[in-house]
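So the structure is just underneath, and the comments pick up after that.
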Protein chains: 2
Amino acid sequence: MRLVVARCSVDYVGRLTAHLPLAPRLLMLKADGSILVHADGGSYKPLNWMTPPCTIQEAEGRWTVTNKAGEQLIITIEEITHDSSHELGVDPGLRKDGVEAHLQELLAEQPGVIGDGYTLVRREFPTAIGPVDLMCRDSGGGSVAIEVKRRGEIDGVEQLTRYLELLNRDPLLAPVQGVFAAQVIKPQARVLAEDRGIRCVTVDYDALRGVEKDELTLF
Amino acid sequence: MRLVVARCSVDYVGRLTAHLPLAPRLLMLKADGSILVHADGGSYKPLNWMTPPCTIQEAEGRWTVTNKAGEQLIITIEEITHDSSHELGVDPGLRKDGVEAHLQELLAEQPGVIGDGYTLVRREFPTAIGPVDLMCRDSGGGSVAIEVKRRGEIDGVEQLTRYLELLNRDPLLAPVQGVFAAQVIKPQARVLAEDRGIRCVTVDYDALRGVEKDELTLF
DNA sequence: ACTTTCATTTCGCTC
DNA sequence: GAGCGAAGTGAAAGT
């Protein structure tokens, strides 16, 4: 990784055109050829950048970064105040815990938490308008489509409604019940869901993980 | 801005929990107190970060970053290989051109691209639940509500559906046709739109701009 | 301050 | 590789 602090102006021409007036900034050149232009504030997102794969052509006071799609980042450099290179190697990567995917995994392992006697048909059940998070059968053999969210809001209810409408057109599946499962369900989402005959279930992430742990430690 | 290259491990506890094993990385500390942890690859997104406002407490080999919501980023430092500070000042900011607003402008100037004989009634046509991007009349004098998106996805179809439902209750306007216009329309969004009687139009941004240029250069 | 919407979204997964 | 949904989405604009 090469770090350059320089007074520069930047022009991007690609999916849109953008211009950065002359000012001191950090230029971060990564090992994969990508480049980031950062200011000293407005964190997280660079002012301008080019994602890999791309090539950097350095001329006197003018760097031209080009990617496969022909997009260009042109950096005009007036003055360099710092320039250093560092060997970092490949990063071992981030381990995340507590996102929707994990919640879905836990519920897939314990469908009984959502409804007595529920059994899993499959996760990410495919439909023409996208996958249903969990498809189950209830104790009577009826189909149940379950939408899992970390935070239950109206968008999620709309999403499940679309799936249900489609699934209920399929005579092999219909009638399909809907369940909206989330750690927290906002009142408006709950009202809308129940108005549409969708059952709401709030799930406790730590409890789910606890049950999982208990089961594991029994053996 | 302070730049530190260090062998470190990072733990985030907040909206989720995340862990980064020990490895060399760049730590970028910005003037507003925010901090970014970058590896030598990936795109512009940091491996881990904390957005301002937040406070950094530096102890021996252990930096603790805390924000208002109580989320924490704990950086355990084994070895520092670089440490430099730089005065950058406030950035003058980015000028952009070519986003959705611009696409809407171009279509407003050339409604014929969306449908033969279409004429513009007005942009940002107001309704009780928000403005319709473009309201036009077709060659027969009928009303057409147009939703403009850079990328046409299901959300956009839902939005237009809500507008149409409302507009069609107004006896002075009804019947109102719906058109979903975007540079790219995803198949699922297209299926949903056409199922609801909404016509889909894909528009070529460069061609629109080209036509505009040609018209200008004719005079 | 809160809500809505856009994004050069990026990222990860499934088909 | 394309397509889709989630994201610690972030960021900006309007209310």
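These figures come from a predicted structure and were not determined experimentally. Numbers restart at 1 for each chain; the letters A, B, ... are given by sequence-line order, proteins then strands.
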So, for His19(B) and Tyr12(B), is the gap between ring centers shorter than 6.0 Å?
no
Does Trp49(A) make a side-chain N or O approach to OP1 or OP2 of dT9(C) shorter than 4.0 Å?
no
Expressed as a whole number of Å, how far does the P atom of dC4(D) sit from that of dG8(D)?
22 Å
Passing option when Ile146(B) is tested against Asp133(B), Val132(B), Ile114(B), Leu160(B) for side chain to side chain contact (heavy atoms under 4.5 Å, CB included):
Ile114(B)
Picking from dT8(C), dT9(D), dG5(D), which would you name as closest to the side chain of Arg15(B)?
dT9(D)
So Leu103(A), base contact, sugar-phosphate only, or nothing? Heavy-atom distance under 4.0 Å.
nothing
With a cut-off of less than 4.0 Å, is there a side-chain N or O of Ser43(A) near OP1 or OP2 of dG10(D)?
no
When we call it a touch if two heavy atoms are under 4.0 Å apart, what does Met50(B) touch: a base, just sugar-phosphate, or nothing?
base
Using 4.0 Å as the upper bound for N to carboxylate O, is an ion pair formed by Arg162(A) and Glu158(A)?
no
Can you tell me how far C1' of dT8(C) sits from CG of Leu47(A), to the nearest Å?
13 Å
Under 4.0 Å between a side-chain N or O of Lys149(A) and OP1 or OP2 of dG5(D)?
no
Before accepting this row, confirm whether a basic side-chain N of the pair Arg2(A)/Glu58(A) lies closer than 4.0 Å to the acidic partner's carboxylate O.
yes
Checking base pairs now: Watson-Crick or wobble, both atom distances under 3.5 Å. What partners dT8(C)?
none
dG8(D): pairing nucleotide in any strand, Watson-Crick or G-U under 3.5 angstrom
none
Ranking dA6(D), dT9(D), dT8(C) by distance to the side chain of Glu147(A), first place goes to dA6(D)
Remember a base hit wins even if backbone is also touched, and classify Asp155(B) as base, sugar-phosphate or nothing at under 4.0 Å, heavy atoms.
nothing
Give a yes or no on whether a salt bridge exists between Asp11(A) and Arg95(B), defined as a side-chain N under 4.0 angstrom from a carboxylate O.
no
Whole-angstrom distance between dC11(C) and dA11(D), as gauged at atom P
15 Å
Toward the 5' end of DNA chain C, by each residue's nearest nucleotide, Pro126(A) or Arg162(B)
Arg162(B)
Step by step, work out the side chain to side chain donor-acceptor pair (under 3.5 Å) result for Arg151(A) and Gln183(A).
CA-CA 6 Å; Arg151(A) 295 177 185 183; Gln183(A) 287 177 272; over 6 Å; no
Would you indicate what Glu124(A) reaches in the nucleic acid, counting non-hydrogen atoms under 4.0 angstrom: base, sugar-phosphate, or nothing?
nothing
Using atom CZ of Arg150(B) as one end and atom P of dT5(C) as the other, report the distance to the nearest whole Å.
17 Å
Among dG8(D), dG5(D), dT5(C), the nucleotide that comes nearest once only the side chain of Gln159(B) is considered:
dT5(C)
Can you see whether Gln188(A) engages Glu153(A) through a side-chain donor-acceptor pair at a distance of less than 3.5 angstrom?
no
Within this structure, what is the CZ-to-C1' distance between Arg95(A) and dG8(D), rounded to whole angstrom?
17 Å
Residue whose closest nucleotide on DNA chain C lies nearer the 5' end, Leu94(B) versus Arg122(A)
Leu94(B)
Please state how far atom CD in Glu158(A) lies from atom P in dT4(C), giving the value in whole angstrom units.
13 Å
Taken to the nearest whole Å, CD/Gln188(B) to P/dC4(D) is 4 Å
Spacing between Asp97(B) atom CG and dC6(C) atom P, to the nearest angstrom:
18 Å
Closest nucleotide of DNA chain D for Glu71(B) versus for Ile129(A): which of these residues is on the 5' side?
Ile129(A)
Please determine whether a side-chain nitrogen or oxygen atom of Arg151(B) lies at a distance below 4.0 Å from atom OP1 or OP2 of dT9(C).
yes
Atom-to-atom span, NZ of Lys45(B) to C1' of dA11(D) - whole angstrom:
14 Å
Which is true for Tyr44(B) with a 4.0 Å heavy-atom rule: it touches a base, it touches only sugar-phosphate, or it touches nothing?
sugar-phosphate
C1'-based separation of dG14(D) from dT8(C) [nearest Å]:
24 Å
Whole-Å distance, Leu160(A) CG to dA6(D) P, equals 12 Å
